[in-house]
**Q** 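Supplied in structure tokens, the structure appears directly below.
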2 protein chains.
Amino acid sequence: MDRDKTKVRSFEVAELAQISRSTVSRALAGDPRISESTRARVRAAAAQLGYQPNLIARGLKNRSTGIVGVVVTDLNNPYHAQALQLLVGKLGARRLAPLVFVGDTAEGAESAIERLMSYQVDAVIALAAPFSGQIVRACRAGRKPLVLMNRHDGDEDVSVVSGDGVAAGAMAADHLIAQGARTFAYFAGDDSTSISLDRETGFAERLAENGFELSARLSSRYSHAHALDVAADLLRSGAQAIFCANDTLAFALMDAARGMTGGARRPLVVGYDNSALAGWPVYDLTSIDQNLEDMTSLTVETAHSMVAAPASPPRRHVISPHLVQRGSSINRPPKGTI
Amino acid sequence: MDRDKTKVRSFEVAELAQISRSTVSRALAGDPRISESTRARVRAAAAQLGYQPNLIARGLKNRSTGIVGVVVTDLNNPYHAQALQLLVGKLGARRLAPLVFVGDTAEGAESAIERLMSYQVDAVIALAAPFSGQIVRACRAGRKPLVLMNRHDGDEDVSVVSGDGVAAGAMAADHLIAQGARTFAYFAGDDSTSISLDRETGFAERLAENGFELSARLSSRYSHAHALDVAADLLRSGAQAIFCANDTLAFALMDAARGMTGGARRPLVVGYDNSALAGWPVYDLTSIDQNLEDMTSLTVETAHSMVAAPASPPRRHVISPHLVQRGSSINRPPKGTI
DNA sequence: GTGAAAGCGCTAACAG
DNA sequence: CTGTTAGCGCTTTCAC
């Protein structure tokens, strides 16, 4: 437990610049009371020695670590992975450091949040997390700002940034109606988050407004294998157009359709997430893009501002999605088909 | 900057248990000198108050934070995303917390590593990172244990856990030869990491041992769109079997083959990564699995042991891959084809 | 077996 | 404008 002599402390910088440690701290922090000449001297000394402040010590003193906890569920879901990537990048730009935990089970979420608290994070971002109840409770108890991304169940007093599921469903309906479909189905996921319910509601309501109705509905786990197993049932409903809660479900549905014998007309399909694969020719899937870029920006901005002003009231942002039209929803075989 | 009265400090626990703060610390840390009766009392008091030690303060005192820096490049690559997911989980199991940074550019890597150092991480794990040179340098300067995962360029004195690229290439060759192919090509990525070079070398050498040679070679960026653009050139070489540096390249190649006019026989294809998509019926791609589960376990174990014994010499582990055979490398149309 | 005291590296009153 | 001093919450000698 000896001191590592390679580590430069503010004391060394102070010595070299012939000044006190407080002045070093102030000069580097941009305190306006420090004269330009001393500041320059301090900067030079710091640079010469390669001084990097110890943020752990600073965190202890300031009660603000600059660490933001990020709780994520499943990185195998490309949509979550991309969201995390964007979050990490944007947090970094604001000089915040993400401490990442995976909470894919109730116990996992519990222990994740506990560790985050121990590390005195400045805020917590929970990404599409189930078990958000425990997270909300823990953050409230620990007085930590919390931003829920793509989750808005309960009228909790936490900040939320989420996609507009109702608008997404309506968009899908409008588009499919415009393509000439007259019978419709919904392929749901196995979650019961309000956002995914919104999608279905928005879809059904917009159909109703146009005098149509949902003739079939099926739900599946969000895994390609499982969805592939059950998709045939949905196809047999004969619906001309199917809106899927997720691109993965849409892919499975299309795979099932290809595998079906006979020349049964393939349904028009619209997915949700606009994952990279949706743009590949094999699927060429029309999909609803949640504008992750905006969503993550706003999430980070919200977290940041809550750190800066902890007393400020929770914010709620809703991001409008947009539909990316591709071959899967056009009334002729998509170009990727052979 | 007032004290948050909701935060329980070891002092409160000590008070409740009628004991000193030192004893609280020792009791909770499992110091054998503490009598069982006091330990029980302390535990009870801690539980009653919901005491969670402040790991930032502990880190400052102990010069060991329990934080491990993880530098990752591209989470949109499902292989990296999965690796990160596994790493995070396994670090958590060892009570280590991952501070994640994305270093997809040289400056990104630079600033990432700088921040990690400031946070006094106990070790750094770099995941398939380019710019590993700077990371190696920074970790050496900061005397931080570093584990490179799937990177072993240079004979640096750092620990490395990587897949056996040569074995992977040889496996692909053996398999394709066994399937009856007589002319071979390699579809390379645009990286020049030793591991990816190994793959090609292993492939070419095993071919040579069997009296065959590589009749064509092409490289592409690791993006589906770019690979799709150039793949036709490779297909025109007429090779009967093509080994790809990456599943994404393999998918693009197969897509290009489907799009080609005429009944030109499709080549046998073997990919690398065994991503989830490889198992889907549309591609049904034979691929080499790097055993990420083992690789990440060993990476975390290595990092952990280097934290425990900083003086220990660097370790080098090589993980054997295995080939997962699917339809794309069998001499008849893969079952997913229509 | 337990307590008292010191100190990790930093910053922010409080003085001047 | 700058220095002195205290203290963040924890662990750990050193003393008993």
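In what follows, chains carry the letters A, B, and so on, assigned in the order in which the sequence lines appear, proteins first and then strands, with residues in each chain numbered from 1. Values below: every heavy atom of this structure, side chains too, minus hydrogens, waters and symmetry copies.
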**Q** What nucleotide, of D:dG3, C:dG9, C:dT2, holds the atom closest to the side chain of B:Thr38?
**A**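 Within the option list, the nearest is C:dT2.
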**Q** Are any of the side-chain nitrogens in A:Lys144 or A:Asp122 under 4.0 Å away from the carboxylate oxygens of its partner?
**A**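 No salt bridge links A:Lys144 with A:Asp122.
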**Q** Heavy atoms under 4.0 Å, any strand shown: does A:Leu55 hit a base, just sugar-phosphate, or nothing?
**A**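 No contact.
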**Q** Any side-chain N or O of B:Tyr51 below 4.0 angstrom from OP1/OP2 of D:dG9?
**A**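 Answer is no, no contact under 4.0 Å.
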**Q** Flag the pair B:Arg315 and B:Glu301 as a salt bridge only when some basic side-chain nitrogen lies within less than 4.0 angstrom of an acidic carboxylate oxygen.
**A**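 B:Glu301 and B:Arg315: salt-bridged.
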**Q** In whole Å, I'd like the distance from the CD atom of A:Gln52 to the P atom of C:dG9.
**A**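 Distance, rounded to whole Å: 16 Å.
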**Q** So, OP1 or OP2 of D:dG9: does either fall under 4.0 Å of a side-chain N or O from B:Asn62?
**A**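 Checking B:Asn62 against D:dG9: no side-chain N or O falls below 4.0 Å of OP1 or OP2.
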**Q** Is any side-chain nitrogen or oxygen of A:Arg63 closer than 4.0 Å to OP1 or OP2 of D:dG9?
**A**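 For D:dG9, OP1 or OP2 has a side-chain N or O of A:Arg63 closer than 4.0 Å.
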**Q** For the pair made of CZ in A:Arg33 and P in C:dT11, what is the distance, rounded to whole Å?
**A**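 It is 14 Å, rounded to the nearest whole Å.
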**Q** Consider the side chain of A:Asn54, meaning its heavy atoms from C-beta on, and name the nucleotide among C:dG9, C:dA6, D:dG3 that approaches it most closely.
**A**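 For the A:Asn54 side chain, the nearest candidate turns out to be C:dG9.
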**Q** To the nearest angstrom, how far is A:Arg41 atom CZ from D:dC1 atom P?
**A**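 In whole Å, D:dC1 P and A:Arg41 CZ are 14 Å from each other.
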**Q** Let me know, please, whether B:Ala57 or B:Arg39 comes out on the 5' side of the other along DNA chain C by nearest nucleotide.
**A**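 With B:Ala57 and B:Arg39 compared, the 5'-side residue is B:Arg39.
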**Q** Closer than 4.0 Å, any side-chain N/O of A:Ser22 to the OP1 or OP2 of C:dT11?
**A**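 Looking at the OP1 and OP2 atoms of C:dT11, neither is under 4.0 Å from any side-chain N or O of A:Ser22.
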**Q** Enter the distance from B:Leu148:CG to B:Ser159:OG here, rounded to the nearest 0.5 Å.
**A**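 The CG atom of B:Leu148 sits 9.0 Å away from the OG atom of B:Ser159.
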**Q** What integer distance in Å separates A:Asp31:CG from C:dA13:C1'?
**A**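 A:Asp31 atom CG is separated from C:dA13 atom C1' by 13 Å.
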**Q** Provide, to the nearest angstrom, the distance between the CD1 atom belonging to B:Ile34 and the P atom belonging to D:dT11.
**A**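 So the two atoms are 13 Å apart, to the nearest Å.
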**Q** Quick check on side chain to side chain donor-acceptor pair (under 3.5 Å): which of B:His304, B:Gln85, B:Glu293 does B:Lys90 satisfy it with?
**A**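 It is B:Glu293, the one option of B:His304, B:Gln85, B:Glu293 that forms the side chain to side chain donor-acceptor pair (under 3.5 Å) with B:Lys90.
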**Q** For A:Ile56, report the nucleic acid contact type (base, sugar-phosphate, nothing); a contact means any heavy atom under 4.0 Å.
**A**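 The residue A:Ile56 makes no contact with any strand.
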**Q** Looking at the side chain of B:Arg26, which of D:dC8, D:dG3, D:dT12 is the nearest nucleotide?
**A**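 Selected nucleotide: D:dT12.
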**Q** Nearest of C:dG9, C:dG1, D:dT2 to any side-chain atom of A:Arg9?
**A**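 The answer is C:dG9.
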**Q** For B:Leu60 and D:dG9, give me the distance from atom CG to atom P, rounded to whole Å.
**A**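 Whole-Å distance recorded here is 12 Å.
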**Q** Using a cut-off of less than 4.0 Å, is there contact between a side-chain N or O of A:Thr23 and OP1 or OP2 of D:dG3?
**A**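 Indeed, a polar side-chain atom of A:Thr23 lies that close.
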**Q** What nucleotide, of D:dT12, D:dG3, D:dT2, holds the atom closest to the side chain of A:Ser20?
**A**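 Of the options given, the side chain of A:Ser20 lies nearest D:dG3.
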**Q** Donor-acceptor pair, distance only, cut-off 3.5 Å: does the side chain of B:Arg316 make one with the backbone of B:Ser162?
**A**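 Checking the backbone N and O of B:Ser162 against the side chain of B:Arg316, no donor-acceptor pair under 3.5 Å is found.
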**Q** Would you say the side-chain atoms of A:Asn54 pair up with the backbone N or O of A:Ala57, donor to acceptor, closer than 3.5 Å?
**A**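 Answer holds: yes.
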**Q** Within less than 4.0 Å of OP1 or OP2 of D:dT2, is there a side-chain N or O belonging to A:Ser35?
**A**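 Yes.
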**Q** Specify the separation, in whole Å, of atom CZ of A:Arg21 and atom C1' of C:dG9.
**A**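 The answer, rounded to whole Å, is 7 Å.
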**Q** Whole angstrom is fine here: how far is it from CD in A:Glu12 over to P in C:dC8?
**A**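 Rounded to the whole Å, the gap is 12 Å.
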